[in-house]
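Okay, so here's the structure we're looking at.
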Amino acid sequence: MSILALKSLPRKISVPNSLVKQVSCLLGTRRLNHSTTTTIHRSNIPEPTEKEDFIRKIFDDSSVWRIQTETTKSSPDFVGLFENQHFADIHGINYAAQQAIQRAQIIVERICNAPENGPEEMSRIVKNLDRLSDTLCSVIDMAEFIRNAHPDQVIMEAANKAYGDLCSYMNTLNTDTRIHQVLSQALADKSIVNKFSPDEYAAAIVFLRDFEKSGIHLPNKQRADFVGLSDQIIHVGREFIQMNPRAVHTVKINKSDLAGVGPSVIRNVANRDGYVYVKTDSTECQMILKYAKDEKVRKLVYESMNSATEESIATLEDLMLTRAELARLVGRDSYAELQLQDKMAKNPKNIDTFLRTLLRHQEPTFKNDINLLQKTKQQILQLNSTSTINAWDRDYYMQIYSASQSTPVNSPCFSVGSVIQGLSRLFKHLYGVEFEPAPLKIGEQWHDQVRKLDVVCEREGKIGTIYCDLFSRFGKTTNAAHYTIRTSRRIDDDDAENDIKYAFAGRNVDPTRFLPPIIPPAETVRGKDGLYQLPVIALTCDFSYSSNGQATLLSMFEVETLFHEMGHAMHSMLGRTDFHNVAGTRCASDFVELPSILMEHFVWHPKVLPLFANSSYGKKVTPEAVDAFLKQRKRFSGIEVNSQILMALVDQQYHSSKVNESTFSSVSEWYKLQDQVGLFPSVPGTMWPVQFGHLFGYGSNYYSYLFDRTLARRVWETSFKSNPLDREKGQALRDNLLKVGGARDPWKCVADVLGGEDGAKIVNGDEEAMRTVGDWGIDV
């Protein structure tokens, strides 16, 4: 499926799977914090206001929320999900999809007939393209969320059908060469382009690049080949992520060889004839790697867990070769080159420069971590000297060392409401915006756990809405994620009433033959001309739900998750442009994680912690507990970073021009990278990349998270580390980076936030800029 021409970013932004889940090797240290000692400053933090405390209560006190909803639901007005009247039942959902398709096609015809309809219509090309995109995305975005989060299977299926219908239409639309031709014609006319606003020009370039990435500009035969190869990539990719890639499915282990492994683990696996039979995709295998004293057992389990069938390796290589063929079809040397042209990195060479520089910068932390493991192994085995740490040794000796360093400290817990309240207070300090609980109308929510927050700016008034679906429940499949439901755009100049006139110019077409136009919600924004469609997003998490009416308490890890997701949310809320296709998180994929990772740095700062640390819930928050958590976070984080670099490099190699060589082998390339870059020797007979699902979803883009971690760290250290509540710095971040969405070169955005020598070094976004970012490093 190719919908690039209409949508440059995934609708859902989720936290990439941690390395713990992907390779069963880490301690969950993906998110890092930077204070080594903590003194909690409470004296100059005012107590929450009554309004702020109400935010906490609607999440923490079910009786308060029940009263709130009963009061507001006394109104007879019934609205659909997200206040969309059509998303009230399966018939309405189907109607919304068909209406979007029909009205989109009318806009398509208007765009394509613009040259015949005169200069004014040609000057509206980008506006109408943006309306076209928004018409489709306003339904497909909502349908995607509902098919993932709605508890009613019937509604989920209706949303899934609507999603499929719209995707099919987009596939057809992306083969319509007329749109690309008219857009190219408009961009070639300086009299038109000179009148574009910066937002409008940025949107035009995004549309043009995405059209050409989807092969729409190719001759008929090549375009047909492009569509065929794209479909093949989807088919092979789905097979790659759905198949069981391991050659060994079950490991047979003598029960007597499992010394060190807890009895609860052994009880959970098949047990007969003195042997246990452990499935290689189970958590029990991971526990054996972590606790089994017998090295031979650990080696057997590791080799089995990372085994690969010939079929899975062939499927992986088929995916790579098909992508390479697609790239050659459009004149690119590699799939990575094709994919990276509109990213901050720009090309594969720049990414290699960044990763290799980061590798060198972090080398002391790598050596330190390996040295700790070697000394631990030497001590446990009573060896005369240190010896090699093999891949099957890693988890075992990490666990032993960590246990020896742990000190008994009560880990504090934080209520969901207190954290939401604290985030609102933090955003008020930084950006002058805060949350206000909003009433839910009948039919607006999909579950009674959902809470609605309006985001209100002290200067502009209401600027957007966040629906919070934060608790786990039976059948809910979404984890921590940010879903775009609607983006910001200006709508008073849509001119939708003339769509049919210009789509069928010179023909007497009766408008009643068509479904009515989609009327977007229109609101004023203080201090701005015109009417705007305000952004709406849904935040999902899977925090345990307290069914007894008590407040749900979050661990320190879960607090970080909520801060991360709220970073995405505020990007959507503050990313205000006149054009939907470059608003909020619709920006380069190697830029989109920067705001959310930056938010993680704020969590445990001693000036931020009092904003949400409420000692009336759970255990009292002490500096000792926070320090212990931060130290645990840093432990073996060098190994984690090295593993992420290794994964990013293998992603680059698998999408490079190397795959076109007759001698290329994905297995050999993996072994070579492990031995040259990794910290543990390669293991013959293993092939972990067949389990690396991100090779399909993030093909050639896996470096992005490391890249944004380095950028976020630098922004934190230069702007917020000394005072994370600094309004001047927060406003600079809002104005220079968050507000512009994808409408401005992200390198210039970051450079303006950093300023000084840092900004000057990276503003050009070239190879030297990538080298500079790599040399800033990741704090571990």
Side-chain angles (χ1 to χ4, degrees), residues 19-26 239-254 257-258 261 269 275-321 370 373 377 387-398 639 642-647 649-651 653-654 658-659 661-696:
L19 224 55
V20 176
K21 294 180 180 178
Q22 293 190 59
V23 290
S24 308
C25 69
L26 296 176
E239 183 180 355
F240 174 67
I241 61 176
Q242 291 172 1
M243 69 190 310
N244 185 343
R246 296 178 177 90
V248 180
H249 296 165
T250 304
V251 188
K252 177 182 177 182
I253 307 171
N254 193 314
D257 292 335
L258 289 176
V261 180
V269 298
Y275 291 91
V276 297
Y277 297 82
V278 191
K279 293 185 180 301
T280 50
D281 60 354
S282 66
T283 56
E284 285 76 20
C285 258
Q286 297 174 24
M287 292 298 100
I288 291 171
L289 272 181
K290 192 172 182 179
Y291 293 105
K293 294 182 178 180
D294 192 324
E295 182 177 353
K296 292 179 181 178
V297 169
R298 296 198 308 272
K299 181 180 180 184
L300 171 66
V301 168
Y302 179 87
E303 291 174 339
S304 301
M305 290 178 68
N306 292 281
S307 62
T309 62
E310 291 184 6
E311 180 187 6
S312 65
I313 296 171
T315 300
L316 170 60
E317 295 188 349
D318 188 17
L319 176 63
M320 292 185 294
L321 288 167
I370 290 298
L373 294 185
K377 182 176 182 179
S387 60
T388 300
I389 298 294
N390 291 301
W392 54 83
D393 292 329
R394 176 186 53 208
D395 293 0
Y396 179 66
Y397 291 109
M398 284 169 64
I639 291 176
N642 179 270
S643 297
Q644 290 284 354
I645 294 173
L646 178 61
M647 294 159 74
L649 284 168
V650 77
D651 174 44
Q653 293 304 310
Y654 283 3
K658 283 185 177 182
V659 302
E661 299 171 3
S662 60
T663 57
F664 178 81
S665 162
S666 61
V667 178
S668 297
E669 194 66 31
W670 171 238
Y671 289 170
K672 183 167 67 175
L673 282 171
Q674 280 184 298
D675 293 332
Q676 291 178 352
V677 174
L679 302 179
F680 310 98
S682 59
V683 181
T686 64
M687 180 54 181
W688 175 80
V690 297
Q691 302 175 39
F692 190 12
H694 285 79
L695 287 173
F696 177 50

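Numbers here are sequence positions counted from 1. Note that this is a predicted model, so its numbers are computed, not measured. Worth knowing before you read on, the calculation uses all heavy atoms, side chains too, and leaves out hydrogens, waters and symmetry mates.
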What's the shortest heavy-atom distance between W688 and N306, and which atoms?
-> CD1-OD1, 3.4 Å

Do any N or O atoms from the side chain of T686 and from the backbone of E303 form a donor-acceptor pair under 3.5 angstrom?
-> no

Measure across L289 and D395 and return the closest heavy-atom pair with its distance rounded to 0.1 Å.
-> O-CB, 4.0 Å

Using a 4.5 Å cut-off on heavy atoms from C-beta on, say whether the side chain of V251 contacts that of L300.
-> yes

Derivation of the side chain to side chain contact (heavy atoms under 4.5 Å, CB included) call for W670 and Y654 | CA-CA 9 Å; W670 171 238; Y654 283 3; 3.6 Å; yes

d(Y275 OH, K252 NZ) to nearest 0.5 Å is 5.0 Å

Does any N or O in the side chain of D294 come within less than 3.5 Å of the main-chain N or O of K296, such that one atom is a donor and the other an acceptor?
-> yes

Beyond-backbone contact of M687 with S666, side-chain heavy atoms, under 4.5 angstrom = yes

Working to the nearest 0.5 Å, report the span between SG of C285 and NZ of K290.
-> 14.5 Å

Is any side-chain heavy atom of I639 closer than 4.5 Å to a side-chain heavy atom of L373?
-> yes

Does V677 offer a backbone N or O that forms a donor-acceptor pair with the side chain of N642 under 3.5 Å?
-> yes

For Y277 and V269, which heavy atoms make the closest approach, and how far apart are they?
-> O-CB, 3.8 Å

So NZ of K377 and CG of N390: to nearest 0.5 Å the spacing works out to 5.5 Å

Measure from the side-chain N and O atoms of D393 to the backbone N and O of I389, and report whether any donor-acceptor pair falls under 3.5 Å.
-> no

Separation between OG of S682 and CD of Q676, rounded to the nearest 0.5 Å = 10.5 Å

Heavy-atom pair of closest approach, residues V276 and L258 | CG2-CD1, 3.5 Å

Quick note, salt bridge (Lys or Arg N to Asp or Glu O under 4.0 Å) partners involving residues 307-321, not counting sequence neighbours, are none

Working to the nearest 0.5 Å, report the span between NZ of K293 and CD1 of I288.
-> 15.0 Å

Could you tell me the separation between the CD atom of Q653 and the CG atom of L649, rounded to the nearest 0.5 Å?
-> 7.0 Å

Would a distance-only check, ignoring hydrogens and angles, find a side-chain to backbone donor-acceptor pair under 3.5 Å from S312 to V690?
-> no

Sorted by chain and number, sequence neighbours left out, salt bridge (charged side-chain N to carboxylate O under 4.0 Å, His left out) with K279 holds for none

Does the pair V301 and V278 meet the rule for a side chain to side chain contact (heavy atoms under 4.5 Å, CB included), with working shown?
-> CA-CA 9 Å; V301 168; V278 191; over 6 Å; no

Flag the pair H694 / D651 as yes when at least one side-chain heavy-atom distance between them is below 4.5 Å, and no otherwise.
-> no

Sorted by first residue and then second, give each salt bridge (Lys or Arg N to Asp or Glu O under 4.0 Å) pair with at least one member in residues 663-676; sequence neighbours left out.
-> K658-E669, E669-K672

Would you confirm whether R298, through its side chain, and A292, through its main-chain N or O, come within 3.5 Å as a donor-acceptor pair?
-> yes

Would you check, one step at a time, whether the test side chain to side chain contact (heavy atoms under 4.5 Å, CB included) holds for Y396 with E295?
-> CA-CA 9 Å; Y396 179 66; E295 182 177 353; over 6 Å; no

Can you check whether V248's main-chain N or O pairs, donor with acceptor, with T280's side chain at less than 3.5 Å?
-> yes

Start with the C-alpha gap between Q691 and M305, add the side-chain angles, then the distance that decides, and say whether side chain to side chain contact (heavy atoms under 4.5 Å, CB included) holds.
-> CA-CA 10 Å; Q691 302 175 39; M305 290 178 68; 5.6 Å; no

